[in-house]
Amino acid sequence: RRPRLLGAVALAALLACLPLAAPGAGLLDGEFEVRNATAIFNQGVVELSAEVRYPLTDPIRQALRDGVTLAFDLEIGVSRPRRLWFDDDVVELNLRRELSYHVISDRYVVRGADGVEQASYPSIEAALERLGDIEHLPILVQPQLRGAGPWNVRLRAGVRRGRMPD
């Protein structure tokens, strides 16, 4: 019998609307929205697909134009609820990607935190849309799911000030 991951994704959508706390984050405030999220088994791997809408505010536009790199985080957690004790956390992940503006090419650059994955977009709207589209992200393998379900999947999205250009 497969653990029930999908039942908790609705709860995760509610939690995802809470922005991550960061010093000075008030300037980057906005409405974060998870429009759709699913977790499925695919050959023993649990894959997450989600559609996150990040805010597009004037302070975000200005920070990018001023050369600040912004870090967009998606915190992912999988837990098993317990009746008489705290939930059993199975896995906690953080998907961080960075967005910056390249003045010479007049394009917005999205990079994985590791610096390996990189793509550029002609508009900030296109870059934010790509940042929010999560497709088939492996979050855990079946042996990590100890015991019987149900399982809860949590998502929490946020944006932080990154670094100034070199």
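All values below come from the heavy atoms of this structure, side chains included, with hydrogens, waters and symmetry mates left out.
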Visitor: When you check the gap from the basic side-chain N to the acidic O, do E98 and R96 get nearer than 4.0 Å?
Guide: no
Visitor: Are V68 and V103 linked, directly or through other ILVMFWY residues, by side chains that come within less than 4.5 angstrom of each other?
Guide: yes
Visitor: At what distance, to the nearest 0.5 angstrom, does CD1 of I76 lie from CG of L155?
Guide: 6.5 Å
Visitor: Looking at every non-hydrogen atom in both residues, tell me the closest pair between L64 and S100 and how far apart they are.
Guide: CD2-CA, 3.8 Å
Visitor: Any salt bridge between R156 and E75, counting N to O under 4.0 Å?
Guide: yes
Visitor: Among residues two or more places apart or on two chains, list those pairs meeting salt bridge (Lys or Arg N to Asp or Glu O under 4.0 Å) that have a residue in residues 36-46.
Guide: none
Visitor: How long is the straight-line distance from CD1 of I40 back to CD of E47, given to the nearest 0.5 Å?
Guide: 5.5 Å
Visitor: Distance check, rounded to the nearest 0.5 Å: H102 atom NE2 versus I104 atom CD1?
Guide: 5.0 Å
Visitor: Rounded to the nearest 0.5 Å, what separation is found between the CG atom of N36 and the OG atom of S49?
Guide: 8.5 Å
Visitor: Centres of the Y108 and Y121 rings: under 6.0 Å?
Guide: no
Visitor: Going from CZ on R35 to CZ on R53, what distance comes out if it is rounded to the nearest 0.5 angstrom?
Guide: 5.5 Å
Visitor: Can you name the closest pair of heavy atoms from S79 and P81 and give their distance?
Guide: O-CD, 3.9 Å
Visitor: Just so I know, are the side chains of V109 and Y101 near enough to count as touching, which here means a heavy-atom distance under 4.5 Å?
Guide: no
Visitor: Over all heavy atoms of both residues, which pair between L74 and I134 is shortest? Give the atoms and the distance, please.
Guide: CD2-CG1, 3.8 Å
Visitor: Any side-chain donor-acceptor pair under 3.5 Å between Q62 and D66?
Guide: yes
Visitor: Which atom pair, heavy atoms only, marks the closest approach of A127 to L99?
Guide: CB-CD1, 3.7 Å
Visitor: Can you name the nearest heavy-atom pair linking L128 to P55, along with the distance?
Guide: CD1-O, 3.9 Å
Visitor: Checking side-chain contact (heavy atoms from CB on, under 4.5 Å) for the pair L93/V91: CA distance, chi angles, key distance, verdict?
Guide: CA-CA 7 Å; L93 303 169; V91 69; 4.0 Å; yes
Visitor: Kindly indicate whether the side chain of V52, heavy atoms from C-beta on, has any atom under 4.5 Å from the side chain of E33.
Guide: no
Visitor: Keeping to residues at least two apart or across chains, list the salt bridge (Lys or Arg N to Asp or Glu O under 4.0 Å) pairs with something in residues 121-132.
Guide: R61-E125
Visitor: Evaluate L70 against I60 for side-chain contact (heavy atoms from CB on, under 4.5 Å), listing each step before the verdict.
Guide: CA-CA 8 Å; L70 299 178; I60 287 177; 3.7 Å; yes
Visitor: What are the two closest heavy atoms between R80 and P150, and how far apart are they?
Guide: CG-O, 3.6 Å
Visitor: Find the distance between NE2 (H136) and OG1 (T38) and round it off to the nearest 0.5 Å.
Guide: 8.0 Å
Visitor: Salt bridge (Lys or Arg N to Asp or Glu O under 4.0 Å) with R107: which residues, sequence neighbours excluded?
Guide: none
Visitor: Apply side-chain contact (heavy atoms from CB on, under 4.5 Å) to F32 and V159, showing your working.
Guide: CA-CA 9 Å; F32 295 79; V159 60; 3.7 Å; yes
Visitor: Answer yes or no: is there a side-chain heavy-atom contact under 4.5 Å between I124 and L56?
Guide: yes
Visitor: Assess the residue pair L137 and L95 against the criterion (side-chain contact (heavy atoms from CB on, under 4.5 Å)); give the C-alpha distance rounded to whole Å, side-chain angles, the decisive distance to 0.1 Å, and a yes or no.
Guide: CA-CA 10 Å; L137 176 69; L95 176 62; 4.1 Å; yes
